[in-house]
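Working notes for the structure below.
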Protein chains: 2
Amino acid sequence: MTNKPLQEERMRGYFMQATKELLKGEGLKSINVRNIAQQAGYSYATLYNYFRDVRELVFLCVNDFQEECAAEIKVKVKDTPEGTERIQAITEAYIAYFVQYPSVFNLFFIEKLGDLGQKQPAANLIYTFLNRLCEEDWEHAVWAQNIERSRADETKTALNYMACGMLVYYMNRIQPADFKEFMQIVRKQVTLVMKSLV
Amino acid sequence: MTNKPLQEERMRGYFMQATKELLKGEGLKSINVRNIAQQAGYSYATLYNYFRDVRELVFLCVNDFQEECAAEIKVKVKDTPEGTERIQAITEAYIAYFVQYPSVFNLFFIEKLGDLGQKQPAANLIYTFLNRLCEEDWEHAVWAQNIERSRADETKTALNYMACGMLVYYMNRIQPADFKEFMQIVRKQVTLVMKSLV
DNA sequence: GAATATAATTAACAATGTTAATATTAAGTA
DNA sequence: TACTTAATATTAACATTGTTAATTATATTC
């Protein structure tokens, strides 16, 4: 008695595991079908029995990285009081995560999923990620500080854009040069955006 | 009597012209040595007599695009009064330019120049572009509205990051779907950032 | 006009994504 | 158990792209 869907799921898992290992290890430049397949212990053509193409495979990893990122952040901010203060802390941790894993950043924000046909779900997943991370805290802030929801939404959006912009500059332009300085700017800018709440 | 440097400069010009035509026409996906060389009327290997590699060629176009963009913006904002109001107008026109030419956007913000060895100058050129476009107006604003310079610098930086972030989201994630709506969000967000001045 | 330097072209190679053809393994049945 | 067929995996092959080497064409100089 065989269970085909389960087996296929396992196979996909092996390839995804391999992809994630490569991404976090060697980085994006090592991502190609032959490397991935070797890391998974299969031949490169086998991959095509389980994924439409290599991009589908790579973008299926987005979910896993988000879970990992969310877990990491949860630990980091567990002692920060709920509300705007924690929104700042989460945003900073979010940025720090991507700095730690540049390939994940590229995967999330740079690689074009546009070409990826039906993968708009992945785009939404990415677009809403920071907001989901901060959801409770926004609720709390709106309630506790009596903030207008439309105002909160604008600030939320601003935070989202700002975080992305800072990451793009830091990652692609090496600007500023060092991480510590970068995180200081991040803190300043996040504070500045949060000020628009009141 | 020949003038080698002049001739070489001309050759470089032909290839750069071809590259720019392709970028603005077919887009980034059509950029490869064979296409560029054909568009320039030469063989693909000839390119390597004038540029280290294809990326050097492409990034040499950054300058030209910036000039074009600056000229376009100048026309657009010529009736807007100097100062913060024009900073907003310039920022919006800057964003609109990149939406109009997605390949230029990719070239400026997405393509990694990191690998490009000694091309940090290009990175700086890009990083400072919006600030240079608004330079006079910032001077005017600081002077006319008696704004602290450190405060102005923070807002300037925020605007820079914000513009980049909005573009990344709109370009890569198709979010929001339509240009008009996007530009409304842009206006709102720019206004929000500019409020941090006072 | 022959010899040489310069520049451009074609040929060739390596890396990568993808598909087609082949081989291998597993499942089902007499 | 042995044979047939379906499934899965592998190797071979092809297309695209960047790059370099070998070759050909052009221009310069004596």
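Order of the sequence lines sets the chain letters (A, B, ...), proteins ahead of strands, with each chain counted from 1. No experiment lies behind these values; they were computed from the predicted model shown.
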*Using atom CG of Asp53(B) as one end and atom C1' of dT17(D) as the other, report the distance to the nearest whole Å.*
13 Å

*Taking only residues two or more places apart in sequence, or in another chain, which ones meet Glu26(A) in a salt bridge (Lys or Arg N to Asp or Glu O under 4.0 Å)?*
none

*For DNA chain C, determine which residues of residues 32-42 of chain A have any heavy atom closer than 4.0 angstrom to one of its atoms, and list them numerically.*
Asn32(A), Val33(A), Arg34(A)

_Glu68(A): partners by salt bridge (Lys or Arg N to Asp or Glu O under 4.0 Å), with sequence neighbours left out_ = Lys24(A)

*asked:* Looking at dA9(D), I'd like to know if its phosphate oxygens (OP1 or OP2) sit under 4.0 Å from a side-chain N or O belonging to Ser43(A).
replied: no

*asked:* Between Tyr42(B) and Phe15(B), is the ring centroid distance below 6.0 Å?
replied: yes

*Considering just the side-chain nitrogens and oxygens of Tyr50(B), establish if one lies under 4.0 Å of OP1 or OP2 belonging to dA8(C).*
yes

*asked:* Run the salt bridge (Lys or Arg N to Asp or Glu O under 4.0 Å) test against Arg10(B) and tell me which residues pass, sequence neighbours left out.
replied: none

*Using five pairs at either end of the helix from dG1(C)-dC30(D) to dA30(C)-dT1(D), determine the angle between the two local helix axes and round it to 10 degrees.*
30°

_Geometric cation-pi criterion Arg12(B) and Tyr50(B), 6.0 Å radius, 45° cone_ = no

*asked:* For Glu154(B), give me all partners under salt bridge (Lys or Arg N to Asp or Glu O under 4.0 Å), at least two apart in sequence or on another chain.
replied: none

_Angle between ring planes, Tyr94(A) versus Phe98(A), binned at 30° and 60°: parallel, tilted or perpendicular?_
perpendicular

